[in-house]
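What follows is a short report on a single structure.
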Amino acid sequence: ANTVAASLRRTASAMTSGPLSAEEAEALRQMQEEASSRLPDRRSDGDPEWLANGAQVELHSLQKAQALNGQRGEIVGFDDKQLRYRVKLHSDGSVKVVAKKNMKVLTYQDIFPPAPSPGPAPSASSGGSGGPVTRAVVLKALERLHRDVLALQQRIAVR
């Protein structure tokens, strides 16, 4: 990206006979930004499981910055010189450069764990009533289900 920026500056200098106007400087800045955004970074070099920007991660096994272990963040880029990911921490918004081996990609369940149930869930063998699942229990449940379906069909017919 720096090579592209330098090249654009040299080209702009060669094309003008003096310092750039504010409009020309802004146009040059936009061109530099656009050109650098199209350049691929090296995150995929030799790594078929590279991580995309926006991936949510948790840092772990850091030796020099142990206080960051357990912190969560979002991948916002890749540092080609250090061959490490740039991670914006959720805690304070700072950006850290981290090796892939020190990140765990978070799943949906990691980010949004299921809410704990208020009490013990009925087991499959109890039928929810505390007793064994017998033929009579199943027939009673089917009968109640059939009544509910008929009631819903009647409500729909009225509308």
Side-chain angles (χ1 to χ4, degrees), residues 1-133 141 144-145 148-149 152 156:
N2 290 340
T3 320
V4 172
S7 175
L8 286 171
R9 266 191 226 100
R10 282 193 302 275
T11 303
S13 295
M15 293 172 62
T16 61
S17 58
L20 298 175
S21 70
E23 289 177 9
E24 291 168 331
E26 175 60 20
L28 178 60
R29 187 196 63 73
Q30 287 178 358
M31 287 171 54
Q32 290 170 336
E33 194 173 285
E34 194 175 296
S36 64
S37 70
R38 285 186 293 216
L39 291 176
D41 58 37
R42 296 180 54 203
R43 74 179 80 189
S44 64
D45 289 358
D47 185 3
E49 296 180 14
W50 57 272
L51 305 174
N53 288 354
Q56 301 297 307
V57 296
E58 182 173 297
L59 307 183
H60 66 84
S61 305
L62 295 166
Q63 299 300 313
K64 293 181 181 176
Q66 292 181 1
L68 297 178
N69 288 329
Q71 294 262 349
R72 290 182 173 190
E74 176 180 341
I75 293 180
V76 294
F78 189 79
D79 187 309
D80 284 336
K81 290 180 183 166
Q82 298 182 48
L83 298 178
R84 285 170 165 50
Y85 288 88
R86 295 178 53 229
V87 178
K88 183 175 183 179
L89 299 179
H90 293 317
S91 60
D92 62 4
S94 65
V95 176
K96 306 296 180 188
V97 180
V98 184
K100 183 180 174 189
K101 69 179 183 177
N102 296 113
M103 293 185 286
K104 173 192 173 210
V105 177
L106 298 175
T107 64
Y108 182 85
Q109 284 76 22
D110 292 329
I111 298 168
F112 304 105
S117 60
S123 66
S125 64
S126 71
S129 63
V133 177
R144 188 171 53 225
L145 180 64
D148 291 346
V149 168
L152 285 172
I156 291 170

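When each of Arg72, Gln56, Gln71 is tested with His90 by the rule side chain to side chain donor-acceptor pair (under 3.5 Å), just one qualifies, namely Gln56.
Residues satisfying the side chain to side chain contact (heavy atoms under 4.5 Å, CB included) criterion with Leu83, sequence neighbours excluded, are Arg42, Phe78. Here Arg43 pairs with Asp41, Asn53 under the side chain to side chain donor-acceptor pair (under 3.5 Å) rule; sequence neighbours left out.
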Side-chain donor-acceptor distances from residues 104-112 under 3.5 Å, at least two apart:
{"from": "Lys104", "atom 1": "NZ", "to": "Asp110", "atom 2": "OD2", "distance (Å)": "3.2"}
{"from": "Thr107", "atom 1": "OG1", "to": "Gln109", "atom 2": "N", "distance (Å)": "3.4"}
{"from": "Thr107", "atom 1": "OG1", "to": "Asp110", "atom 2": "N", "distance (Å)": "3.2"}
{"from": "Thr107", "atom 1": "OG1", "to": "Asp110", "atom 2": "OD2", "distance (Å)": "3.1"}
{"from": "Asp110", "atom 1": "OD2", "to": "Thr107", "atom 2": "N", "distance (Å)": "2.9"}

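Residues Leu62 and Asn69 come closest through the heavy atom pair N-OD1, 2.8 Å. Taking each heavy atom of Lys100 and Glu49 in turn, the nearest pair found is NZ-O, 2.7 Å.
To the nearest 0.5 Å, the span separating CG on Leu59 from NZ on Lys96 amounts to 10.0 Å. Atom CE of residue Met103 and atom CD of residue Glu58 lie 12.0 Å apart, to the nearest 0.5 angstrom.
No donor-acceptor distance shorter than 3.5 angstrom exists from the side chain of Asp79 to the backbone of Arg84, with no hydrogens or angles considered. Between the Gln66 side chain and the Lys64 main chain, no donor and acceptor come within less than 3.5 Å of each other.
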Practice problem: List the steps and the verdict of side-chain contact (heavy atoms from CB on, under 4.5 Å) for Leu68 and Asn102. | Solution: CA-CA 10 Å; Leu68 297 178; Asn102 296 113; over 6 Å; no

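Using a 4.5 Å cut-off on side-chain heavy atoms (C-beta onward), Val87 and Glu74 make no contact.
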